[in-house]
Trainee: 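Quick one: the structure is below, and I'll ask about it shortly.
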Amino acid sequence: MSKSLNIALLGNPNTGKTSLFNSLTGLSQKVGNYPGVTVEKKEGVCKLDRKTKGYFIDLPGTYSINSSSIDESIVVELLLNKNNKEYPDLALVIADVENLKRNLLLFTQVKDLGIPTILVINMADQMKRKGISLDIPILEQTLETKIALVSTRENTGLDELKKLILNYRIISNKPLVQINSIDKKYFENLENAFPGQLLYKLWLIITQDANFGAIQRTLISDISKFQTKSKSEIKRLQQKETIKRYQFINSVLKKGLQIDKASATDFRSKLDRVLIHKFWGYLIFFSILMIIFQSIFSWSEVPMDFIDNCFNYLSSVTSNNLPSGVFTDLLSQGIIPGLGGIVIFIPQIAFLFLFLSILEETGYMSRVVFLMDRGLRRFGLSGKSIIPLISGTACAIPAIMSTRNIESWKERLITILVTPFTTCSARLPVYAILIALVIPDGYFLGFSYKGLMLMFLYLIGFLMALGIAWILTTTLSIHSKSYFVIELPNYKIPLIKNVALTVWEKTKSFVEGAGKIILAISILLWILASYGPGENFNQAENIIQKKYPELAEKEIELKTNSFKLENSYVGVLGRSIEPIITPLGYDWKIGIAIITSFAAREVFVGTLATIYSVQNDDNDTIKNKMASDIRKDGKLLFNLASGTSLMIFYAFAMQCMSTLAVVKKETNSWKWPLGQLFFMTILAYFISFLTYQILS
Amino acid sequence: MDWIQGFLVFLSGICALLFLFRKFFFKSKLANKKGCDHNCDCH
């Protein structure tokens, strides 16, 4: 009597799943639909031996069974519902040999459902060319399965696969990842509420909208013994589950996968050999960085000047056409210059993200991560720390959150503590305005001083992060347990649509995020700068006229404005902190900008724009007003020494309230963010002091 | 006219203060109570 087996074919998209299906079934598939949905699946029959027929079900490609799309939920529904007549006797998970890590996530999930699962590694014909070698016995042992190496392109390995399918009963159906380890108490309650059920199945039902035989998802929340969690808590547990699975996969691949780039012969490998070369790799990377920083300055100049002039014009139009009064002054001297102070940096931010997204889209960024991984180990950090450190160039907040996949707590903590040293995009406006003010025009070996200075600031931030990491590693005596496996994606020509979308999204979030805070701070600053306590503020004009009777009217007006500002509320506050910041070369106006920029670093520029507009309401640009500001000793306020000292201060100081809040959340303690704030501020102060004293 | 302009400045100041206060003090506490994640887009 002949018997039949239901065999589900699963896999990530583009792993050759359908090719395998066609090879096995001889293209005899029919197309059917699951009830209620329009996603197609294919079915086909293959004679496995004289007595056994295999009914193959080619399911839609999916990256995991945490369903987020209809395709994925179709897969989950079939795998969870034993009452379904097509419920598989066994599953074949097809993996692409070049992307095993990503593919194995789905494998571990399917296997943990208690279904005998065979791992089919496709594209075996590419292994030699790519320098890949697999230790199949080790992989079979650690993954508790049988593995078939096939090539659907060359039709090899299929007979071996059929033999494995026929002997599927010898495959263990024990789970690979103990799901209860992500929250012991929660899963204990779940097990007690539904005794005898497979824990991972219950978990999937809770997390997904799948119909499963007798157990309905809605019933779970009604059971009095079992208290389910909120959506966000479940989401967090799902993240923990994914991290656990990748930790397991990493440990498996470390033992069973070897990639010898030196023996690979394809074009990609040849290019990789240069781009991740110990010497040429770094040289190429730094050359690319240099070109980016040069371009940021030279290409942005024209649009920045245009924006500056537009806001200047808008201020004067507002001032001349609206009825005179305090609100008109607030608009023309407070809000418009304040907002202009941030909008002006849109070209530079856009160019930065344009370059970064092109590098990411081409696949080069993964090579940079790989390249940096080697260097990082010398400083006691694992390769996993490089992702937060590199993504910190956009913003420290998501970067700190991305440390969640570092399993060693101490290593994760060190990464959290040093990530704010990486130069984030909020520092760029501060650097840009100061470089434009104090770094002279000129070239060194064809590179402008301004571009070189910007590169230097990015590098010292990164080097400081590494230095502090090394000190912390030594002090905290870390025994690192993390290891790093990275997939190097294929090179591709960047899609203009993707690049444009990234630039648009990043620039928009920069303007929106900082814009609201800057608008609010500009209003408050203008009020604090336009009103003041005591006689000095109210009688400013009389005092100046008495003091300088020989000056012309225009000069009297300028001096009066400066005197009023100095005696306004913001002036009084600024002058009270002046003794602390004078040794660094700053005056009270910079002091105020440092205080307000604690909300967000880019507020620094908006603050100075508002203060300078109140002080001097003629039609000059903010940059020119700052460039011509004179200190009491007759020197320019923004000179090489004070400007460099200020840039160094911003490179090292923890001037970001949101980052502190995230560090608190991630470390679950105020001890670390406060320690970080204290240490970074002291360090920034000390190095800025030295810089100013040496350069002045 | 002066009092209208003065009133608008006063109103702008109050709004700015409330915005910053909410942004840096209240919002994170509310978010924590809801137990939401960082990537929930409410921060």
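Atoms considered below: every heavy atom in the structure, side chains included; atoms not considered: hydrogens, waters and symmetry mates. In what follows, chains are A, B, ... by sequence order, proteins preceding strands, each numbered from 1.
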Trainee: Rounded at 0.5 Å granularity, tell me how far SG in B/C15 sits from CG in A/L519.
Mentor: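 Between B/C15 SG and A/L519 CG, I get 10.0 Å after rounding to 0.5 Å.
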Trainee: Side chain, backbone, both or neither: which part of A/I517 has an atom under 4.5 Å from a heavy atom of chain B?
Mentor: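 Its backbone and side chain both get close to chain B.
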Trainee: Do you know which two heavy atoms are closest between B/G13 and A/I527, and how far apart they sit?
Mentor: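 The answer is CA-CD1, 3.7 Å.
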Trainee: Report which part of A/T328 has an atom under 4.5 Å of a heavy atom belonging to chain B: side chain, backbone, both, or neither.
Mentor: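 It is both, since atoms from each part get that close.
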Trainee: Are B/V9 and A/W526 packed together at the side-chain level, in the sense that at least one heavy-atom pair is separated by less than 4.5 angstrom?
Mentor: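 Of all side-chain heavy-atom pairs linking A/W526 with B/V9, at least one is under 4.5 Å.
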Trainee: Within the distance-only criterion (no hydrogens, no angle test), does the side chain of B/Q5 pair as donor or acceptor with the backbone N or O of A/D329 below 3.5 angstrom?
Mentor: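 Such a contact is absent between B/Q5 side chain and A/D329 backbone.
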Trainee: Just checking A/N321: does its CG atom have more than 12 heavy atoms from other residues, nucleotides or ligands closer to it than 6.0 angstrom?
Mentor: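 Above 12, so yes.
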Trainee: Can you check whether A/L524 reaches B/L20 side chain to side chain, under 4.5 Å on heavy atoms?
Mentor: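 The answer is yes, as the side chains (C-beta and beyond) meet within the 4.5 Å cut-off.
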Trainee: Quick check: closest heavy atoms across B/A16 and A/A520, and the distance to 0.1 Å?
Mentor: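 It is CB-O, 3.4 Å.
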Trainee: Does any backbone or side-chain atom of B/L17 lie under 4.5 Å from a heavy atom of chain A? Answer side chain, backbone, both or neither.
Mentor: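 Both backbone and side chain.
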